[in-house]
Amino acid sequence: MIRFLLLLAVSFSTAHATNVIFIHPDGAGVAHWQAARFLKTGPDGELNWDRLPEIAIYRGHMKNNLTATSNGGATVHAYGVKVPANAFGSDGVSANPPVSAGGKSESIMIEAKKAGYRVGVINSGSIIEPGTACFLSSVKSRREYEEITSQVVASGADTILSGGEEWMLPEGQDGFHGPGKRTDKRNLIDEAKKAGYVVVFDKDQLAAVPKDTKKLLGVFASGHTFNDQTEEFLAAAVKPTYQPQAPTLGEMTSKALEIFSDDKFFLVVEEEGTDNFGNYNNAQGTLDALLRADEAFDVALKFVAKHPDTFLLTTADSEAGGMDVIGINPESKEHLALVKNARDRNGAPYDNVKGEPFVSAPDKEGIKHPFVIAWNTFNDSSGGIVIRATGKGAEKVKGTMDNTDVYRLMREAMFAPSE
């Protein structure tokens with residue numbers, strides 16, 4: 001009888017030992033993906049993002065605001081409950097975490113780690129970015145950069161890949177990418193090494209990391225791995241949109257999945273450039289970021305194909321810059337005049353820093369089409385956000401879903417719904 005109960009317990013545990021990959025292209029709505037599709041594959045083509053078969057409309061309001069903040073939205077994803085817009089892995093009043101929809105005062109990532117899952121966060125932005133940091137830290141203010149970084153590094157997450165070296169080193173100490181900014185004199189990179197982490201600083205070092213690595217900290221830039229400024233600023237400063245020494249989001253995701261592939265795991269991946277470039281109304285940077293996010297989808301989809309016990313989920317929480325994409329009729333004098341003036345008739349800016357529209361990849365007839373990006377704000381908007389999914393349990397994604405459902409979907413994948 002005892003042997004039967006033990007076998008039943010093992011069987012029950014295995015049934016819910018689903019790997020979960022959550023990819024968060026921050027600030028990317030339907031219009032963003034439409035523009036990326038036009039540019040990369042043409043109007044008749046498909047992105048890797050399009051290959052996720054299940055889809056639902058995302059409802060993302062906060063406890064006190066219709067449009068989500070990045071930190072508030074990430075907190076909802078991590079805890080499954082509505083919080084104020086200022087929350088950062090917290091209840092929005094104090095530095096304490098909210099009580100999750102699962103009844104615990106901890107994020108779903110901390111809960112998964114305690115249950116034996118290997119856990120990891122990946123961000124093309126700094127380690128302080130909330131899309132990943134809210135799963136591992138709880139603070140009262142988003143501006144508590146030192147504390148956020150301290151908590152993420154001390155969380156024990158098996159893989160942490162991002163920028164943000166400036167918040168890992170003390171003031172006056174130079175690192176691989178630049179000087180530190182910490183005022184408490186702590187060296188978190190040394191602390192991570194003492195805790196058993198292998199620490200790497202560029203794409204070549206990341207590629208050389210062995211598969212059997214247990215703890216990995218990747219620090220790929222002083223701040224973000226991208227230069228989030230306007231196109232005009234970057235052109236004048238002769239700076240690329242992304243820093244060449246840093247691995248792409250796809251390369252970081254590939255390495256994490258390689259390390260995790262023999263274990264049950266929970267991985268949160270964020271492309272932050274989609275949000276930051278959008279908030280600067282930088283169309284080229286936004287498109288570059290979207291294509292990098294799409295590369296990560298390709299990596300994840302290939303993993304799911306080989307490991308069907310994996311649930312792959314994606315959504316944003318808002319639209320950065322209120323972006324839209326507008327096809328230009330090359331035979332229309334009015335359209336051409338608008339492009340030349342870089343303004344729509346209502347005054348909305350057309351983003352074409354070189355004075356020419358973008359050109360799509362060929363359609364099925366071999367025709368390339370010009371288009372421009374239009375912006376309506378430097379902030380985030382509620383826009384057209386969708387949830388997409390594939391893999392084990394993806395059929396639950398349908399209709400319209402609240403932002404709290406992101407937590408529910410991930411938790412049901414890893415644990416029994418009744419737990």
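Everything quoted here is computed from the prediction, not taken from an experiment.
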_Counterpart residues, salt bridge (Lys or Arg N to Asp or Glu O under 4.0 Å), relative to Asp363 (two or more places apart)_ = none
*Does the ring centre of Tyr117 sit less than 6.0 Å away from the ring centre of Phe266?*
no
Nearest 0.5 angstrom please: [X] [atom1] to [Y] [atom2], how far?
{"X": "Phe88", "Y": "Glu144", "atom1": "CZ", "atom2": "CD", "value": "9.5 Å"}
{"X": "Thr18", "Y": "Met410", "atom1": "OG1", "atom2": "CE", "value": "13.5 Å"}
{"X": "Thr377", "Y": "Glu319", "atom1": "OG1", "atom2": "CD", "value": "11.5 Å"}
{"X": "His61", "Y": "Asp317", "atom1": "NE2", "atom2": "CG", "value": "13.5 Å"}
{"X": "Thr248", "Y": "Leu291", "atom1": "OG1", "atom2": "CG", "value": "11.5 Å"}
{"X": "Ile127", "Y": "Leu217", "atom1": "CD1", "atom2": "CG", "value": "6.5 Å"}

_Evaluate Lys194 against Glu191 for salt bridge (Lys or Arg N to Asp or Glu O under 4.0 Å), listing each step before the verdict._
CA-CA 5 Å; Lys194 291 177 182 178; Glu191 291 181 22; over 6 Å; no
*Measure from NZ or CZ of Arg411 to the centre of the six-membered ring of Tyr407, then state whether that distance is under 6.0 Å and the direction lies within 45° of the axis.*
no
*Just checking, Arg388 and Trp49: is the charged tip under 6.0 Å from the six-membered ring centre and within 45° of the axis?*
yes
Heavy-atom donor-acceptor pair, [X] side chain to [Y] backbone, under 3.5 Å:
{"X": "Tyr280", "Y": "Gly321", "answer": "no"}
{"X": "Asn376", "Y": "Gly322", "answer": "yes"}
{"X": "Thr253", "Y": "Leu249", "answer": "yes"}
{"X": "Lys104", "Y": "Glu111", "answer": "no"}
{"X": "Arg182", "Y": "Asn187", "answer": "no"}
{"X": "Gln284", "Y": "Glu231", "answer": "no"}
{"X": "Asn279", "Y": "Ala320", "answer": "no"}
{"X": "Ser332", "Y": "Asn329", "answer": "no"}
{"X": "Ser360", "Y": "His369", "answer": "yes"}
{"X": "Ser90", "Y": "Val139", "answer": "yes"}

Going by atom types only, do [X] and [Y] share a side-chain donor-acceptor pair under 3.5 Å?
{"X": "Glu129", "Y": "Asn123", "value": "no"}
{"X": "Asn96", "Y": "Lys140", "value": "no"}
{"X": "Thr67", "Y": "Ser382", "value": "yes"}
{"X": "Glu46", "Y": "Thr41", "value": "no"}
{"X": "Asn281", "Y": "Thr230", "value": "no"}

*asked:* Applying side-chain contact (heavy atoms from CB on, under 4.5 Å), can you list everything that pairs with Glu166, at least two apart in sequence or on another chain?
replied: Lys181, Ser222
_Sequence-distant partners of Asp298, side-chain contact (heavy atoms from CB on, under 4.5 Å), two or more places apart_ = Asn48, Arg51, Lys302
Heavy-atom side-chain proximity of [X] to [Y] below 4.5 angstrom:
{"X": "Ile259", "Y": "Lys211", "answer": "no"}
{"X": "Ile326", "Y": "His335", "answer": "no"}
{"X": "Trp33", "Y": "Leu290", "answer": "yes"}
{"X": "Asn276", "Y": "Thr286", "answer": "no"}

*Step by step, work out the salt bridge (Lys or Arg N to Asp or Glu O under 4.0 Å) result for Arg408 and Glu412.*
CA-CA 6 Å; Arg408 177 181 62 80; Glu412 287 181 2; 3.5 Å; yes
*Apply the side-chain hydrogen bond (donor to acceptor under 3.5 Å, both in side chains) test between Lys82 and each candidate in Thr75, Asn64, Asp402; give the one that qualifies.*
Asp402
*Please determine which of Glu272, Arg292, Glu271 meets the side-chain hydrogen bond (donor to acceptor under 3.5 Å, both in side chains) test together with Ser124.*
Glu271
_Qualifying residue for side chain to side chain contact (heavy atoms under 4.5 Å, CB included) with Asp288, from Tyr242, Phe277, Phe226_ = Tyr242
*Looking at Thr314, Val269, Leu313, which hits side chain to side chain contact (heavy atoms under 4.5 Å, CB included) with Phe22?*
Leu313
_Check this for me: does any side-chain nitrogen of one of Asp50 and Arg37 sit under 4.0 Å from a carboxylate oxygen of the other?_
yes
*Would you please classify the geometry between the Phe201 ring and the Phe176 ring as parallel, tilted or perpendicular, with 30° and 60° separating the classes?*
parallel
*Any chance you could lay out the salt bridge (Lys or Arg N to Asp or Glu O under 4.0 Å) test for Arg118 and Asp263, step after step, and finish with the verdict?*
CA-CA 7 Å; Arg118 297 189 73 184; Asp263 303 290; 3.2 Å; yes
*asked:* Are there over 12 heavy-atom neighbours, none belonging to Lys40, within less than 6.0 Å of that residue's NZ?
replied: yes
_Closest non-hydrogen atom pair between Ile373 and Ala35, with its separation_ = CD1-CB, 3.8 Å
